[in-house]
Amino acid sequence: MDLIYTDENNNDLGVIKNYKLDLAYGKDENDFELEIDLQEHCAGINSRIYIQTSDNGRVIGSEYGGIIDNIEVDADNEKIVYSGRTWHGILANKIIQPENNRDYYTVTGDANAIVADLIADFDLADVFEASREVSDVEVLSYDFRYIDMYAGLLAMLEEYNGKLIFKRNQNSKVEISVVANRNYASEDEFYNSEFSFVIKRAGNPTNHMICLGAGDMKERRVIHLFANENNAIEPYTITEEPKIDSDYILDERNKVLAGSDEVTTIFDCPNAGAVKNYILQTIKPDNWENVFGEYAYLDEQGNYKTAEAVKGESDRYSKLNVKPEDWDANCTKYYRVDGKYFVPVVTDTSSTYKELKEVPLDWGYGYNKYFELEGNKYVSAKEKKQSYSPLVSKPDKWKTEYKNYYVRKSDGIKDSYYSVEGKIKPKCEPQRNKPTDWENNYKNYYILNSKGNKVKVGPSKVWRNGVAKDVVPKWRKNTFYTDVTKTVAPKFEPKKYYKQNETIKCPDFQVGKYYEKIENVTAPPFERGKYWELLDKMILPEWKDNYYYKIVYDNYQDLAAKGVEKFRELLDGDEISINLKNSIDYDIGDIVGATDTYTGISVMKKVTKKIVTIKNNEINTSYEIG
């Protein structure tokens with residue numbers, strides 16, 4: 001086993017002897033310290049170190065290594081300490097954030113391919129490369145949002161029961177591959193007759209969390225989260241993708257457990273922020289000239305820009321100190337100040353609608369200033385005509401908005417267009433809560449064998465009087481799996497899908513169908529110094545259907561997300577403390593477990609941190625779990 005050091009360009013320089021190397025990676029730290037004698041000083045800032053071994057002349061890389069960020073000299077003890085980031089720490093220094101105008105950085109497909117895309121997107125190809133093999137993990141869809149790359153990948157793989165493997169390869173790169181994690185709890189469980197451990201089973205965890213967000217007193221944001229008797233969190237939104245406050249359930253209608261069964265706690269999060277969202281608008285607001293600053297549009301780079309009025313050649317306004325003679329009749333030609341904009345004076349208006357008995361002279365070009373009655377609402381006269389055109393390139397939001405597009409079907413006589421349907425993909429999810437039909441239908445569920453393949457659950461065997469009897473196996477959290485499905489966007493194919501085009505033309509006039517709007521206008525009371533006369537006006541943005549987005553704010557998304565994260569920690573209150581076997585090299589994400597033979601209490605947890613010390617070519621490894 002050799003500890004190799006390189007220069008800042010990753011060229012091997014030599015082997016370090018007589019050292020002590022401490023590394024830690026997983027849920028935190030992700031760094032190393034390398035101590036050698038001062039006279040053996042050999043490396044510099046940005047040099048890399050790595051451990052490699054050999055077997056019958058074949059060089060074998062390891063996951064132990066990193067890049068030197070700091071050098072500390074201890075002259076009294078004649079020691080020098082190199083410290084820096086492990087390979088894991090380099091990933092942890094990169095933040096995955098949503099792409100322009102997206103809520104999330106969304107990935108799908110083979111996990112190794114996803115890792116390769118991230119390495120490319122974050123310009124890490126000088127250090128890493130992803131395995132070119134097809135991984136054990138197929139990601140149906142996963143969303144990242146402002147999370148470091150290492151923690152994000154661990155979170156994604158936790159959902160799909162995978163783990164990351166780092167290994168220095170023959171290309172002088174650290175190869176990252178994704179494989180299925182190992183469930184040592186099912187194949188190598190610890191018993192108190194064999195090992196020393198402490199386990200704690202939480203029987204009545206918190207099942208009602210009151211999340212307190214920003215604001216004071218009665219204005220404070222509050223949302224309630226509830227769990228049922230199986231520790232599953234009840235729904236707290238009324239839509240799948242909430243965007244505004246009214247999309248959340250803010251009362252206690254979903255409370256399941258009450259009385260002495262209810263265990264309540266407070267989650268205080270006054271720094272939970274508001275999330276800005278954008279909702280596409282199809283109809284012009286009635287007071288567009290006054291509220292256009294509350295809307296946005298997408299520029300050529302795909303960024304949201306707030307709608308603004310544009311100055312003319314000059315913007316001279318004169319304050320009115322004397323009431324104009326035409327104020328009562330023409331007050332709307334004057335202006336008032338609204339924030340930083342001059343906007344027309346608003347009149348007090350009442351409207352009536354008069355039925356048209358004959359076609360107006362300007363109907364052919366001015367039809368849209370007349371109205372027709374839809375239900376109990378008057379709307380501008382118009383006739384829509386729909387057409388469809390094939391998509392030659394993939395829309396930016398195809399994954400989330402594919403239902404807004406169409407497929408063509410023909411019966412040989414005419415073409416019909418139908419909304420695109422999603423593709424249903426199977427997914428195997430670990431059971432966090434015991435199924436209600438476990439006793440009778442456990443054979444319909446799955447367990448992973450030692451190769452990571454799913455197989456049907458079989459009965460346990462109990463021997464009585466020399467005869468084996470089938471019994472229901474004991475259920476354990478995160479050991480058994482359920483087949484579920486998820487609907488995702490179908491693969492895009494040019495000219496297979498269509499977008500709907502809508503044109504508006506003049507309708508044929510019909511007596512008794514259309515109306516003329518009669519407005520009774522009253523000027524507001526004139527106030528000296530409040531109103532302005534326009535000498536050269538501001539040019540307002542022109543309204544376009546399906547172009548502007550209403551800017552809205554969600555005050556509960558951040559609070560609810562942080563609350564759910566904390567709630568899950570409280571719901572999973574089981575604890576385990578154990579000295580793991582040194583004969584097994586566990587990886588971050590592997591599952592270990594322990595069972596007490598007296599009480600029958602079992603607890604399973606994932607390996608979350610690995611601590612390695614190498615001295616005199618001896619490796620000592622310890623782990624943190626849970």
Side-chain angles (χ1 to χ4, degrees), residues 25-27 30 61 63 86-99 102 104-125 127-169 171 173-184 399-400 423-430 446 448-454 478 481-491 585-591 606-608 610:
Y25 52 90
K27 65 181 178 181
N30 299 309
E63 67 177 330
T86 61
W87 312 131
H88 323 75
I90 295 172
L91 296 185
N93 280 160
K94 299 293 184 180
I95 303 299
I96 305 177
Q97 50 190 315
E99 298 169 295
R102 301 288 189 272
Y104 300 96
Y105 183 108
T106 301
V107 297
T108 185
D110 177 71
N112 280 340
I114 291 172
V115 172
D117 288 342
L118 287 169
I119 289 172
D121 287 351
F122 287 86
D123 197 24
L124 292 173
V127 180
F128 301 102
E129 63 182 25
S131 171
R132 293 183 174 86
E133 297 181 358
V134 176
S135 77
D136 297 329
V137 175
E138 176 75 14
V139 177
L140 297 182
S141 182
Y142 193 84
D143 296 326
F144 299 102
R145 182 176 173 84
Y146 296 107
I147 187 172
D148 78 68
M149 190 190 301
Y150 183 52
L153 287 171
L154 291 183
M156 179 187 77
L157 294 177
E158 181 176 12
E159 183 173 328
Y160 287 90
N161 300 305
K163 63 183 179 181
L164 293 172
I165 300 297
F166 294 74
K167 188 169 292 185
R168 176 94 172 185
N169 63 20
N171 298 326
K173 301 286 183 70
V174 179
E175 182 178 287
I176 304 176
S177 58
V178 176
V179 300
N181 63 4
R182 292 282 298 272
N183 189 341
Y184 291 94
K399 290 181 182 178
T400 57
K423 183 178 180 181
I424 298 176
K425 285 193 173 183
K427 179 181 179 182
C428 194
E429 286 192 346
Y446 300 89
L448 298 184
N449 60 21
S450 60
K451 296 183 179 180
N453 299 320
K454 69 175 186 178
N478 291 325
Y481 294 78
T482 300
D483 271 343
V484 297
T485 60
K486 183 173 183 178
T487 302
V488 299
K491 180 181 178 181
D585 189 16
Y586 301 92
D587 295 311
I588 305 299
D590 286 335
I591 300 171
K606 287 194 173 183
V607 176
T608 58
K610 194 169 182 178

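All figures in this text were calculated on a predicted structure; none of them were measured in a lab. Note that the numbering runs from 1 along the sequence shown for the chain.
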Asker: Give the ring-plane orientation class for Tyr150 versus His88, where under 30° counts as parallel, over 60° as perpendicular and anything between as tilted.
Answerer: perpendicular

Asker: Let me confirm one number: the CH2-OH distance from Trp87 to Tyr25, rounded to the nearest 0.5 Å.
Answerer: 12.5 Å

Asker: For the CD1 atom of Ile424 and the OG1 atom of Thr487, what is their distance to the nearest 0.5 Å?
Answerer: 5.0 Å

Asker: Any heavy-atom pair between the side chains of Leu448 and Asn183 that's under 4.5 Å?
Answerer: no

Asker: Flag this pair as yes if the NZ/CZ of Lys606 is under 6.0 angstrom from the six-membered ring centre of Tyr586 and inside a 45 degree cone about the axis; otherwise no.
Answerer: no

Asker: Is there a donor-acceptor pair under 3.5 Å between the side chain of Asp590 and the backbone N or O of Val607?
Answerer: no

Asker: Tell me whether Lys173 at atom NZ has more than 12 heavy atoms from other residues, nucleotides or ligands lying less than 6.0 Å away.
Answerer: yes

Asker: Before you tell me yes or no, could you show the steps for Tyr142 and Tyr104 under side-chain contact (heavy atoms from CB on, under 4.5 Å), namely the whole-Å CA-CA distance, both residues' side-chain angles and the distance that decides it to 0.1 Å?
Answerer: CA-CA 9 Å; Tyr142 193 84; Tyr104 300 96; over 6 Å; no

Asker: With respect to Tyr160, which candidate in Asn181, Val139, Asp136 satisfies the side-chain contact (heavy atoms from CB on, under 4.5 Å) definition?
Answerer: Val139

Asker: Do the charged groups of Asp587 and Arg182 touch, with an N to O distance under 4.0 Å?
Answerer: no

Asker: Tyr105 and Asp121: side-chain contact (heavy atoms from CB on, under 4.5 Å), yes or no, with the steps?
Answerer: CA-CA 11 Å; Tyr105 183 108; Asp121 287 351; 2.4 Å; yes

Asker: Take Asp585 and Lys610 through the test salt bridge (Lys or Arg N to Asp or Glu O under 4.0 Å) and record every step on the way to the result.
Answerer: CA-CA 10 Å; Asp585 189 16; Lys610 194 169 182 178; 2.6 Å; yes

Asker: Assess whether a salt bridge exists between Lys486 and Glu429, defined as any Lys/Arg side-chain N lying under 4.0 Å from an Asp/Glu carboxylate O.
Answerer: no

Asker: Would you say Asn161's side chain and Leu157's backbone share a donor-acceptor pair under 3.5 angstrom?
Answerer: no

Asker: Please name the pair of heavy atoms, one in Asn112 and one in Ala130, separated by the smallest distance, quoted to 0.1 Å.
Answerer: O-CB, 3.6 Å

Asker: Apply side-chain contact (heavy atoms from CB on, under 4.5 Å) to Leu153 and Leu118, showing your working.
Answerer: CA-CA 10 Å; Leu153 287 171; Leu118 287 169; 3.7 Å; yes

Asker: For Lys454, enumerate each residue passing the salt bridge (charged side-chain N to carboxylate O under 4.0 Å, His left out) test, keeping only those at least two apart in sequence or located in another chain.
Answerer: Asp483

Asker: Short question: side chain of Thr485, backbone of Pro426 - any donor-acceptor pair under 3.5 Å?
Answerer: no

Asker: So which heavy atom on Asn171 is nearest to which on Asn169, and how close?
Answerer: N-OD1, 2.9 Å

Asker: Considering non-hydrogen atoms only, spot the tightest contact between Tyr481 and Cys428 and give its length.
Answerer: CB-SG, 3.2 Å

Asker: Taking atom CD of Glu138 and atom CD1 of Ile114, what is their separation to the nearest 0.5 Å?
Answerer: 7.5 Å

Asker: Going by an N to O cut-off under 4.0 Å, is there a salt bridge joining Asp143 and Lys399?
Answerer: no

Asker: Mind checking whether Ile176 and Leu91 have side chains closer than 4.5 Å, heavy atoms only?
Answerer: yes

Asker: Quick check: do Thr108 and Val488 have side-chain heavy atoms less than 4.5 Å from each other?
Answerer: no

Asker: What distance separates Ile588 CD1 from Thr608 OG1, expressed to the nearest 0.5 Å?
Answerer: 6.5 Å

Asker: Is it true that atom CG of Asp123 has more than 12 heavy atoms of other residues, nucleotides or ligands lying nearer than 6.0 Å?
Answerer: no

Asker: Look up atom CD in Glu175 and atom CZ in Arg132, then write down how far apart they are to the nearest 0.5 Å.
Answerer: 8.0 Å

Asker: To the closest 0.5 Å, what do you measure between NZ (Lys163) and OG (Ser177)?
Answerer: 9.5 Å

Asker: With distance as the sole test, does Asp110 use its side chain to make a donor-acceptor pair with the main-chain N or O of Ser135 at under 3.5 Å?
Answerer: yes

Asker: Taking the side chain as C-beta and beyond, is there a heavy-atom pair between Ser131 and Val178 under 4.5 Å?
Answerer: no

Asker: Counting only heavy atoms not in Glu133, do more than 12 sit closer than 6.0 Å to its CD atom?
Answerer: no

Asker: Could you report the tightest heavy-atom contact between Asn478 and Ile591, atom names first, then the distance?
Answerer: O-CD1, 4.3 Å

Asker: Looking only at heavy atoms, which two atoms of Ser141 and Thr106 are closest? And how far apart?
Answerer: OG-CG2, 3.7 Å

